Amino acid sequence: MGAQQVRDGFAELYGTTPEGVWAAPGRVNLIGEHTDYNDGFVMPFALPHTAVAAVSRRTDGVLRLHSADVEGGVAELRVDELAPGSDRNWTAYPSGVVWALREAGHAVTGADVHLASTVPSGAGLSSSAALEIVVALALNDLFSLGLRGWQLARLCQRAENVYVGAPVGIMDQTASACCEGGHALFLDTRDLSQRQIPFDLAAEGMRLLVVDTQVKHSHSEGEYGKRRAGCEKGADLLGVDALRDVPYADLDAALARLGDEEEVRRLVRHIVTENERVERVVSLLESGETRAIGPVLVEGHASLRDDFRISCPELDLVVDTALAHGALGARMTGGGFGGSAIVLAEEPDVDAITKAVTEAFATAGFTPPRVFEAVPSPGAHRLH
């Protein structure tokens with residue numbers, strides 16, 4: 001939906017014109033998976049798909065929420081009654097943002113909100129972070145809170161961790177808030193330092209495809225939390241604050257120290273090697289060797305599949321089929337257990353790869369995938 005449609009939807013719902021309309025994008029992670037909650041490195045970029053919010057302030061402590069994408073009417077809540085775990089519906093994401101802002105001492109006195117999103121839900125493309133950031137940005141502007149993008153990201157992460165109960169890292173919210181068009185964001189999740197890395201594939205005759213397997217996943221379910229707990233156990237056993245602190249050169253020695261903790265060893269190996277892969281991709285892109293990132297993406301998929309064990313048959317089929325039909329590189333992206341894969345390809349090969357993947361899914365009896373091009377796009381911004 002465009003800004004005008006969401007603006008019109010707000011007026012129809014609430015009988016008045018909104019004070020503004022904002023947009024926040026979903027994201028694709030180029031490389032750096034599950035490293036964010038280990039204080040590591042990530043490299044996402046924003047998608048053209050966005051959550052759009054029309055919002056007006058209220059002064060009576062009432063929060064009214066509506067989504068064009070969800071069945072049902074307007075949800076009405078009181079801001080002074082918001083509490084973690086009190087909401088198990090989609091409204092937990094925007095109401096959690098209001099809770100987090102108020103917990104941080106910001107005087108948000110209520111709002112009317114109407115939302116619509118083109119970010120595919122459950123596809124590992126951060127639909128929830130887009131929803132959180134667009135509401136946070138709107139409230140930041142309307143209540144003159146003066147918060148910067150990274151600060152909004154921190155608050156939205158707290159909303160999802162504490163209010164929603166999903167143990168996500170900081171990457172998704174920071175990508176939605178801070179990415180720039182034509183760039184990937186090299187983010188150090190420990191200190192939130194950022195570098196915008198030019199990433200214009202079209203200028204070099206390449207494309208990056210997203211293949212949504214249509215296999216849904218949820219961060220609130222247990223497997224994601226188990227991986228996070230296993231990583232924390234590994235850091236504890238190795239005597240470091242986070243797995244980020246295990247140098248790549250010392251990986252073999254660190255693994256040896258973990259002894260027979262086989263599951264923890266696998267998790268540690270993935271995180272340490274994945275951080276090194278992010279740094280390698282940054283170096284390759286900055287030196288103009290864009291095509292050379294393809295094999296690094298493939299390495300990342302193998303690590304997620306074999307060490308972190310969060311792939312699934314559909315994701316593996318995308319990667320294997322794309323590589324067999326000439327892709328430069330491919331890997332699963334996002335939290336895992338479903339969602340999407342990315343495929344780096346020469347422009348002339350895109351149609352053949354798309355056809356081959358679609359046919360492979362049909363042969364395997366899988367739900368047809370959704371395939372689209374990922375173009376690095378701007379982060380959250382005001383539309384109207």
Side-chain angles (χ1 to χ4, degrees), residues 1 25-30 33-34 44 47-51 67-72 88-90 93 115-131 166 168 172 207-227 297-298 300-306 308-345 349-375:
M1 280 197 179
R27 65 96 189 98
V28 159
N29 194 22
L30 181 63
E33 221 62 80
H34 288 265
L47 289 167
H49 306 72
T50 59
S67 170
D69 309 311
V70 181
E71 292 281 330
R88 296 297 178 193
N89 300 309
W90 72 269
Y93 296 99
L115 293 147
S117 180
T118 57
V119 185
S121 177
L125 304 174
S126 297
S127 58
S128 59
L131 201 58
V168 298
D172 296 352
R207 295 287 187 268
L208 190 80
L209 302 177
V210 174
V211 182
D212 176 4
T213 64
Q214 308 280 356
V215 178
K216 303 299 182 187
H217 72 162
S218 170
H219 280 165
S220 298
E221 292 170 7
E223 292 299 323
Y224 183 99
K226 287 180 189 173
R227 300 305 188 281
L297 302 184
V298 179
H301 183 77
S303 183
L304 290 162
R305 181 192 64 212
D306 301 336
F308 230 64
R309 299 189 180 180
I310 58 170
S311 191
C312 66
E314 290 86 350
L315 289 167
D316 293 341
L317 184 60
V318 174
V319 171
D320 293 345
T321 305
L323 293 174
H325 287 80
L328 297 167
R331 73 170 191 91
M332 62 155 286
T333 188
F337 311 106
S340 299
I342 55 173
V343 177
L344 179 67
D349 296 332
V350 165
D351 289 345
I353 291 169
T354 302
K355 182 171 182 284
V357 169
T358 303
E359 289 177 350
F361 268 56
T363 300
F366 296 152
T367 301
R370 178 184 179 215
V371 184
F372 58 91
E373 184 181 352
V375 179

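Counting from 1, the numbers follow the sequence of the chain as shown. Only a predicted model underlies this, so the values are computations on that prediction, with no experimental measurement involved.
Between Asn29 and Glu33 the shortest heavy-atom distance is ND2-OE2, 3.2 Å. The nearest pair of heavy atoms linking Gly26 to Ala130 is N-CB, 4.1 Å. In plain terms, the two heavy atoms of Ile353 and His325 that are nearest each other are CG1-O, 3.4 Å.
Using a 4.5 Å cut-off on side-chain heavy atoms (C-beta onward), His34 and Tyr224 make contact. Side-chain contact between Pro369 and Val318 is absent, with no heavy atoms from C-beta onward closer than 4.5 Å. Side chains of Trp90 and Ser67 form a contact here, defined as non-hydrogen atoms less than 4.5 Å apart. A 4.5 Å side-chain heavy-atom check between His49 and Leu125 finds every atom pair outside the cut-off. The shortest distance between side-chain heavy atoms of Val371 and Val210 does not fall below 4.5 Å. Considering only heavy atoms from C-beta on, Leu209 stays 4.5 Å or farther from Ile342 through its side chain. Proximity of Ser128 to Tyr93: side-chain heavy atoms (C-beta onward) are separated by under 4.5 Å at one or more points. The closest side-chain heavy-atom distance from Pro368 to Gln214 is not below 4.5 Å.
Ring-plane geometry between Phe366 and Phe361 is classed as perpendicular, the angle between the planes exceeding 60 degrees on a 0 to 90 degree scale with a lower cut at 30.
A donor-acceptor contact under 3.5 angstrom links the side chains of Ser311 and Asp316, judged on distance only.
Looking at Arg331, its side chain does come within 3.5 Å of a backbone N or O of Leu30 through a donor-acceptor pair.
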